[in-house]
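Here is the structure we will look at, set down as structure tokens.
It should be emphasised that the depicted structure is a prediction, and the values quoted were computed from it without experimental measurement. Here is how names work: the chains are called A, B, and so on, in the same order as the sequence lines, proteins then strands, and each is numbered from 1.
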Amino acid sequence: MKAMKFAFFKGCKIPYYLEQYETSTRAVLKPFGVRLVDLEFNCCGYPNRDIHFESFVFSAARNLAIAEKKRLDILTPCKCCYGTLKYAQHFLKENEHLRGDINKELAREGLAWRGKIAVKHILTVLCDDIGLPAIYASIRSPLGNLSIAPHYGCHALRPSDIVHFDDPLAPSIFEDLISATGAKPVEWPRRLDCCGNPLWVKNRGISLSLMRAKITDAAESGADCLCTACTYCQIQFDAIQNAEMSEDSRITPMPSVLYTQLLGLSMGLPERVLGMKRNHIQCDKMPRA
Amino acid sequence: MTTALLGSKFLYACLYIALFACVCGTIFRMARWFFITTGPVAGAPSPVRRGLAVLKGAASLLSLKIFGFLHALLVGIPFQTGILRTGFSRWAMHICIFWGFILLLLMHALDELVTKKIFSDYFSTLDPYQFLRNLFGVMVLAGVCMAVYRRIRHRGPMLETRRADRFAIALLSVIIITGFAMESAKMISESVFNRMMNDFFAGESAGDEEALKAYWSEEYGTSFRTRHYTVNPTLLARGRAVNEQSCASCHSPARSAFVSRPLAKLMRPSAARLEEAGADNILYYIHVLACLLGLAMLPFTKFFHVISDPIAILVSSITDKKNTGRFAALPRRAMELDACTSCGTCSRHCSVEPVYRMMGNRHILPMEKLRDVRALSAKKEVPEDIRSISEGAFICTSCFRCTEVCPAGINLQDQWNASRELLSEKGHPSPHEWIKDFRASEWSDLMLKHESSWKEIDTIKGKYYNLTDDSDVFAPCIQCQTCTNVCPVVAARTDPEEAVDITPQKIMNLLRLGLNNLAMGSRMVWDCTTCYQCQEHCPQGIRVTEIIYELKNRAYDHFKNIDRTLRQADVHEDGEKSRQTEERK
Ligand code: SF4
Ligand code: SF4
Ligand code: SF4
Ligand code: SF4
């Protein structure tokens with residue numbers, strides 16, 4: 001397999017709120033010869049899109065330009081970062097006036113956006129660049145017995161004409177990847193819905209009720225555990241669920257793991273890199289790393 | 001200590017005054033750490049509680065944390081690894097000033113107390129001390145030059161030079177330059193030479209004095225007004241012999257004073273005038289007084305960071321960045337406000353620095369944010385630009401990067417959390433909060449009423465996109481309600497008041513009716529989770545989510561100005577105040 005090299009776009013939250021996502025991502029990619037390069041990126045731009053369009057596009061464009069300067073495609077494990085970078089790319093491609101102004105500002109530090117690099121989410125890299133056969137071949141201890149509910153995450157999937165991640169109405173990439181680990185992907189009606197995290201600091205009530213609907217649905221569909229591949233979804237289902245819903249008698253806690261943790265577990269990687277114990281809600285049926 | 005220390009009763013008295021000022025000032029500044037409240041005021045603990053919490057924190061040194069502490073103490077602070085991480089040139093600059101000055105202080109300024117005690121053969125005009133004094137002086141001066149260069153080269157919002165910086169740079173320069181000049185002035189001074197002669201020289205045979213003068217004039221640059229000799233090799237050889245015998249035990253060759261000696265050469269043509277003016281004495285006074293001024297003002301100038309920064313670094317070596325104790329965090333934050341040197345490192349690495357560049361609000365940058373924290377904690381009255389401060393405070397991804405890079409070890413993340421709480425408490429919360437002050441219809445009315453406050457901004461709207469005003473974008477809507485049906489937020493609304501609010505499909509309808517103003521403040525727009533379900537499912541391909549984003553952007557721009565106008569009215573027109581508060585309710 002040819003060596004793959006990506007600029008690793010962690011996003012703002014991983015280093016301090018979800019370290020296990022970084023370590024597990026690095027660990028599962030390493031055996032496949034994927035090299036992750038660390039560059040000093042800034043915020044992807046998502047958090048500011050609510051109030052100021054240009055600063056969202058410029059933030060994203062600067063990241064893209066930094067990677068472009070190094071001629072590296074971007075790999076991000078976060079779906080909000082992924083979506084945001086893709087949206088910005090789309091606006092920059094589509095709108096010449098915007099592109100001109102953004103490039104003018106970028107030029108002040110010797111950067112430029114030319115649209116020469118690709119932005120990829122880790123699931124795509126695993127499924128398409130590395131390929132399912134290689135993933136299957138890497139499994140050491142298949143996770144039989146586990147029913148896993150894949151949570152797709154909004155910003156990777158939609159709007160499909162911009163992100164081109166998978167079929168927006170009937171995606172299958174996540175199920176395919178979960179099957180590879182030996183676990184059983186669960187069919188659940190709300191798998192494509194929002195986790196609620198974008199509203200966490202803006203409207204707690206709605207944020208929690210979106211999450212509650214998903215958790216209930218996953219449990220009713222027979223899932224042992226949720227599986228995410230996004231920083232924010234995981235924070236929502238793990239840390240926030242744990243902090244906010246432990247008092248809620250209507251809900252039995254639904255654990256959530258990162259896909260990289262799940263894959264790492266089936267590849268026989270150690271706890272040290274997977275950080276399962278860092279997750280707030282533990283899944284009893286999950287084998288120990 | 002005797003008056004010999006400074007050679008003058010006046011300076012000696014000044015030393016005591018300066019020391020006294022320094023100690024009192026330092027105590028005062030440190031005591032303030034326990035009284036200043038950053039963060040929410042309600043329920044702020046008493047100074048005693050804070051003090052106890054600090055003691056408890058210090059007790060944690062009796063654990064494995066001691067290793068981190070020792071590392072900071074023995075490596076981090078002396079080698080300034082925090083600064084090294086931010087860049088080599090800055091580190092080189094700082095290390096030159098830091099070590100240059102400390103060594104001058106210990107070896108030269110405190111020679112009676114330190115150097116003499118360690119090296120019994122110490123004599124200021126002997127090597128290696130003479131050489132080292134020049135070397136350390138050059139280090140400080142080189143550091144100061146680098147600092148000036150950096151401040152000119154990189155000037156801008158990331159490295160602003162303020163009065164405090166100028167004062168520090170100027171004072172350091174004065175101290176070092178007068179030090180060198182004084183040494184040079186002494187070298188060329190005839191009267192200094194004569195004084196030494198009288199005190200220490202007992203010529204054995206006639207002509208020794210002449211020979212010595214000739215030798216000193218050549219070697220040390222001493223300038224004699226009247227010469228009774230002609231310089232020739234024999235005389236010089238004799239002079240060297242006399243020097244060897246009488247002076248060399250206390251005077252190393254002048255060339256080791258590699259700055260003062262060339263400087264002395266330069267000064268020699270005006271030696272007579274300098275002599276007459278008593279230059280060496282004047283320079284000595286300036287030199288010492290400048291040092292004492294620095295000492296006295298240490299607690300109230302940038303120099304205070306020589307005390308506060310090591311403390312901040314040590315504290316950060318034994319505390320958890322994420323879990324700051326509730327009580328101990330207060331004095332720590334207050335202390336950290338004194339530890340910031342405005343170096344700008346945090347701003348340069350800030351994750352939202354690009355946002356600052358687009359929005360132009362300086363309060364977005366962490367260095368400025370910290371100044372705002374200081375302003376908010378010190379003043380009772382609300383700063384003029386509180387709205388910009390609040391905007392900046394809430395534009396932050398809590399990424400910890402500023403905390404990570406700050407060479408002073410300041411836990412900026414904790415400062416931000418606290419200041420956002422304080423701002424919310426003061427009635428300046430995040431946009432998503434203050435927008436809830438009014439309902440959609442009220443915002444719409446306010447927009448009409450305060451047209452002037454946003455009309456101007458509106459002229460630049462649609463610079464790049466104009467989804468909300470361009471009927472081509474939304475006219476194809478057939479009001480099929482698909483967007484509303486797939487919207488998870490519509491489904492999740494429980495509050496009956498929210499439930500009757502506007503839906504995505506109604507937003508499209510409002511746009512078609514030209515009632516954009518009514519959509520802007522709606523709950524739907526501000527509670528949208530940006531899940532793109534509506535946009536994905538719309539059979540007409542309408543970019544529903546992007547329209548909602550644009551509505552939010554414009555609403556923010558307009559409401560921000562209206563809100564500012566209202567609040568100014570709140571402050572300035574007392575008579576109207578109650579009415580405004582009414583309106584706000
Ligand atoms: S907070 Fe730290 S990094 Fe920022 S300006 Fe102050 S000392 Fe420098
Ligand atoms: S925590 Fe906030 S202020 Fe600090 S670097 Fe990140 S975005 Fe900037
Ligand atoms: S789904 Fe599209 S066409 Fe239907 S109401 Fe919504 S915006 Fe209009
Ligand atoms: S993007 Fe917003 S309006 Fe559209 S469906 Fe999602 S929450 Fe509803």
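- Most heavy-atom pairs under 4.5 Å with chain B: of the set A:Glu40, A:Arg49, A:Glu54, this distinction falls to A:Arg49.
- Using a 4.5 Å cut-off between heavy atoms, B:Cys396 makes no contact with chain A at all.
- The candidate with the highest count of non-hydrogen atom pairs below 4.5 Å against chain A, out of B:Cys399, B:Ser351, B:Ser430, is B:Ser351.
- Using modelled atom types, one finds a donor on one side chain and an acceptor on the other under 3.5 Å when comparing A:Ser55 with A:Asn48.
- Interface remark: A:Arg62 contributes side-chain atoms only to the contact with chain B (heavy atom separation under 4.5 Å).
- With a threshold of 4.5 angstrom between heavy atoms, A:His155 approaches chain B through side-chain atoms but not through N, CA, C or O.
- Heavy-atom contacts from other residues, nucleotides or ligands closer than 6.0 Å to CD of A:Glu96 number 12 or fewer.
- Looking only at atom types and distance, the side chain of B:Ser398 has a donor-acceptor partner in the side chain of B:Arg420 under 3.5 Å away.
- The candidate with the highest count of non-hydrogen atom pairs below 4.5 Å against chain A, out of B:Glu546, B:Glu353, B:Gln535, is B:Glu546.
- Aromatic rings of A:Phe174 and A:Tyr152 (six-membered ring for Trp) have centroids within the 6.0 Å cut-off, being under it.
- Annotation: maximal heavy-atom pairing with chain B below 4.5 Å, among A:Pro15, A:Cys194, A:Pro47, A:Ser160, occurs at A:Ser160.
- Using a 4.5 Å cut-off between heavy atoms, A:Leu106 makes no contact with chain B at all.
- The two atoms that bring A:Cys43 and B:Val352 nearest to each other are CB-CG1, 4.2 Å, heavy atoms only.
- Neither the backbone nor the side chain of B:Glu550 comes within less than 4.5 Å of any heavy atom in chain A.
- For the pair A:Arg158 (side chain) and B:Cys531 (backbone), a donor-acceptor distance under 3.5 Å is present.
- In this model, a donor atom of one side chain and an acceptor atom of the other lie less than 3.5 Å apart for A:Tyr16 and B:Glu404.
- When heavy atoms are compared at a cutoff of 4.5 Å, A:Tyr46 approaches chain B solely by way of its side chain, counted from C-beta outward.
- Between the side chains of A:Glu94 and B:Tyr465, at least one donor N or O lies within less than 3.5 Å of an accepting N or O.
- Using a 4.5 Å cut-off between heavy atoms, B:Gln533 touches chain A through backbone and side chain atoms alike.
- Side-chain contact, A:Ser256 with A:Asp238: no donor N or O sits under 3.5 Å from an acceptor N or O.
- When heavy atoms are compared at a cutoff of 4.5 Å, B:His537 approaches chain A solely by way of its side chain, counted from C-beta outward.
- Among A:Pro159, A:Ser209, A:Pro168, the residue making the largest number of heavy-atom pairs under 4.5 Å with chain B is A:Pro159.
- Between the side chains of B:Asp320 and B:Asn323, at least one donor N or O sits under 3.5 Å from an acceptor N or O.
- Interface remark: A:Lys13 contributes side-chain atoms only to the contact with chain B (heavy atom separation under 4.5 Å).
- Atom SG in B:Cys346 sits 10.0 Å away from atom CD in B:Glu368 (nearest 0.5 Å).
- For A:Leu199, the part lying under 4.5 angstrom from a heavy atom of chain B is the side chain only.
- Counting heavy-atom pairs closer than 4.5 Å to chain B, the top residue among A:Asp50, A:Ile14, A:Asn42, A:Leu98 is A:Asp50.
- Residue B:Thr545: no heavy atom, backbone or side chain, is found under 4.5 Å from chain A.
- For A:Tyr87, the part lying near chain B is the side chain, with the backbone staying farther off; criterion is any non-hydrogen pair under 4.5 Å.
- Atom NZ of B:Lys436 has more than 12 neighbouring heavy atoms from other residues, nucleotides or ligands inside a 6.0 Å radius.
- Interface remark: B:Tyr532 contributes backbone and side-chain atoms alike to the contact with chain A (heavy atom separation under 4.5 Å).
- Within the 4.5 angstrom heavy-atom criterion, no atom of B:Glu391 approaches chain A.
- Comparing B:Arg357, B:Lys322, B:Met359, B:Lys552 by how many heavy-atom pairs each has under 4.5 Å with chain A, the most go to B:Arg357.
- The choice from B:Val525, B:Thr530, B:Ile435 that makes the most heavy-atom pairs within less than 4.5 Å of chain A is B:Thr530.
- In this structure, a donor-acceptor pair under 3.5 Å is present between the side chains of A:Lys214 and A:His151.
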